[in-house]
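Quick note: numbers below take in every heavy atom, side chains included, and nothing from hydrogens, waters or symmetry partners. Bear in mind that the values here come from a model prediction, so they are computed numbers and not experimental data. The sequence lines fix the lettering, A, B, ..., with proteins before strands; numbering per chain opens at 1.
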2 protein chains.
Amino acid sequence: MSDKSNGIEMLRSSINTICHLNDQIIDAFLSLFTAHKLQNGSDFIREGVMGKHICFVTEGIFRSYYISPKGEEKIKHFFLPGTFFAPLTSLVTNQPSPVYIGTLKDSEYLSADYNAIEVLYTEQPELNKLGRKLAEWAWIGKERRETQLIMLDASSRYKAFREEFPGLERQIPQYHIASYLGITPVQLSRIRANLK
Amino acid sequence: MSDKSNGIEMLRSSINTICHLNDQIIDAFLSLFTAHKLQNGSDFIREGVMGKHICFVTEGIFRSYYISPKGEEKIKHFFLPGTFFAPLTSLVTNQPSPVYIGTLKDSEYLSADYNAIEVLYTEQPELNKLGRKLAEWAWIGKERRETQLIMLDASSRYKAFREEFPGLERQIPQYHIASYLGITPVQLSRIRANLK
DNA sequence: AGTGATCATTAACATAGGTTAATGATCACC
DNA sequence: GGTGATCATTAACCTATGTTAATGATCACT
């Protein structure tokens with residue numbers, strides 16, 4: 001379940017659903033990844049640090065989040081097994097990361113050095129297609145999130161969250177869900193009481 | 001300022017700031033674009049229609065927006081000259097567009113057929129790099145927007161809007177700005193009164 | 001079983017923002 | 001210079017959500 005070879009196969013099949021590339025390119029890409037573990041509550045990257053890796057979740061739960069001037073954590077996204085995460089703003093802009101990424105459970109992931117991927121992009125231009133597809137799908141995710149934040153009230157966002165991350169609300173404290181929804185735990189509790 | 005050749009040169013220099021590609025590939029890419037005009041208040045694409053083009057603004061102002069179940073327009077983004085727009089969700093998912101895109105001023109743009117770009121992606125794999133970069137930067141924009149929606153109150157979002165789109169608030173009705181900020185025109189008016 | 005830690009719920013009150021409607025301001029057009 | 005259209009402002013009232021604090025519930029550890 002958690003040894004490296006299975007994680008790599010999980011990654012391979014994930015890539016295959018995203019775009020068609022010949023096996024040689026995919027193998028070269030996969031060879032850049034190594035497996036890691038991270039304890040519950042640890043950060044993969046913190047604000048102010050340069051991003052260096054692209055990652056793929058094989059086990060556990062990750063989140064990306066900000067810390068507000070008041071010291072409150074604001075969760076932007078949850079990452080479950082089978083999904084990619086990266087401090088993309090940092091990687092693309094070559095600036096320190098504005099965002100934290102960390103675990104909400106003992107977790108496992110594969111990571112690849114972004115510079116090494118960029119070298120491979122040059123050697124194997126077709127690989128850019130994978131990068132393009134990943135960025136496009138990531139954009140679509142953000143766009144959907146933006147739509148929910150602008151169009152829906154907190155109660156509807158909560159319902160949308162439960163459909164988008166089924167079962168997740170039973171695995172993590174509710175204040176993390178409130179943070180993702182952009183409300184306080186108190187308000188989430190009221191919303192839950194209301195839905196009964 | 002607005003004839004085709006200058007629009008194309010504007011697009012060329014925009015591409016050059018995004019990524020390095022050899023001239024042959026860029027010329028092939030540019031040759032896919034044609035110039036168009038759109039009157040103030042017209043839609044480039046409406047919800048429910050399949051997206052077919054990628055566009056580049058050469059003049060005027062575009063917006064992407066949703067219409068809520070109550071019939072209210074919710075503006076997601078403004079596009080000014082020198083920027084790209086596309087019904088990306090529709091193009092990538094091959095589903096009808098969930099979003100409207102239209103003008104807030106008499107406007108001009110270049111558009112290219114997405115299928116033709118995909119053919120060129122296959123013939124010239126390096127071109128995927130441009131697509132990747134565009135999607136990455138678009139993602140960063142959405143991520144910043146998400147951060148503002150989650151972290152800032154409406155007054156701070158208004159200040160951020162003025163920095164991000166300097167001068168724009170003098171060119172369009174304020175209710176469009178309120179829509180972008182996720183508040184009512186009444187609330188925006190209160191915020192403006194407060195800032196004085 | 002008892003204790004402390006952590007988190008969810010509830011209540012009481014405060015505030016940001018929504019709703020409706022009236023009032024002003026600006027501008028195009030006759 | 002009036003008139004209507006469009007939009008911004010203001011006011012009065014309402015609702016969703018934030019804040020603070022108290023109360024419950026659950027679990028881990030002794």
Starting at [atom1] of [X] and ending at [atom2] of [N], how long is that distance when rounded to a whole Å?
X	N	atom1	atom2	result
I150(B)	dG18(D)	CD1	C1'	15 Å
N194(B)	dT9(D)	CG	C1'	13 Å
H176(A)	dA8(C)	NE2	C1'	14 Å

Polar atom pairs between nucleotides 4-7 of chain D and protein, under 3.5 Å, N or O only, would you list them?
{"unit_1": "dC7(D)", "atom_1": "OP1", "unit_2": "Y175(B)", "atom_2": "OH", "d": "3.2"}

Item checked: Sequence neighbours excluded, every pair satisfying side chain to side chain donor-acceptor pair (under 3.5 Å) that has a member inside residues 69-80 of chain A -> R63(A)-E73(A), S68(A)-E72(A), K76(A)-E146(B), K76(A)-T147(B)
Checklist line | Residue pairs, two or more places apart or on separate chains, that pass side chain to side chain donor-acceptor pair (under 3.5 Å) and touch residues 170-185 of chain B | finding: K105(B)-Q171(B), Q174(B)-R192(B)
Next item on the list: Please report how far the helix from dA1(C)-dT30(D) to dC30(C)-dG1(D) bends, comparing the axis fitted to its first five pairs with the axis fitted to its last five, to the nearest 10 degrees.
Entry: 30°
Note to self: Heavy atoms within less than 4.0 Å of DNA chain C: which residues of residues 161-169 of chain A have one? Give them sorted by number.
What the structure shows: none
Can you name the residues that form a side-chain contact (heavy atoms from CB on, under 4.5 Å) with [X], not counting sequence neighbours?
X	answer
L80(A)	I61(A), F165(A), L168(A)
I191(B)	A154(B), S155(B), Y158(B), I183(B), Q187(B), L195(B)
N22(B)	Q24(B), I25(B)
N115(A)	D113(A), E118(A)

Notebook entry, point to check: Can the ring centroids of F85(A) and F44(A) be said to lie less than 6.0 angstrom from one another?
Noted result: yes
Donor-acceptor pairs are to be reported for all side-chain atoms of residues 90-101 of chain A against protein atoms at under 3.5 Å, with residues two or more places apart or in another chain.
{"unit_1": "S90(A)", "atom_1": "OG", "unit_2": "G51(A)", "atom_2": "N", "d": "2.8"}
{"unit_1": "S90(A)", "atom_1": "OG", "unit_2": "Q95(A)", "atom_2": "O", "d": "2.6"}
{"unit_1": "T93(A)", "atom_1": "OG1", "unit_2": "T89(A)", "atom_2": "O", "d": "2.6"}
{"unit_1": "T93(A)", "atom_1": "OG1", "unit_2": "Q95(A)", "atom_2": "N", "d": "3.2"}
{"unit_1": "S97(A)", "atom_1": "OG", "unit_2": "V99(A)", "atom_2": "N", "d": "3.1"}
{"unit_1": "S97(A)", "atom_1": "OG", "unit_2": "V99(A)", "atom_2": "O", "d": "2.8"}

Check: With R46(A), which residues qualify under side-chain hydrogen bond (donor to acceptor under 3.5 Å, both in side chains), at least two apart?
Finding: D43(A)
Checklist line | Heavy-atom pair with the smallest gap, counting every atom of W139(A) and A135(B) | finding: CD1-O, 4.5 Å
Margin query: So that I can tick it off, tell me whether R12(A) and E9(A) are bridged by a salt bridge, with the cut-off set at under 4.0 angstrom between side-chain N and carboxylate O.
Written below: yes
Notebook entry, point to check: If you measure from the Lys or Arg side-chain nitrogens to the Asp or Glu carboxylate oxygens, is any gap between K37(A) and E59(A) under 4.0 Å?
Noted result: no
Notebook entry, point to check: Hey, mind stepping through N16(B) and S13(B) against side chain to side chain donor-acceptor pair (under 3.5 Å) and telling me if it holds?
Noted result: CA-CA 5 Å; N16(B) 280 330; S13(B) 81; over 6 Å; no
Next item on the list: Assign a letter to each nucleotide of nucleotides 17-26 of chain C from its 5' end: B, base within under 4.0 Å of a protein heavy atom; S, sugar-phosphate only; -, no contact.
Entry: BBBB------
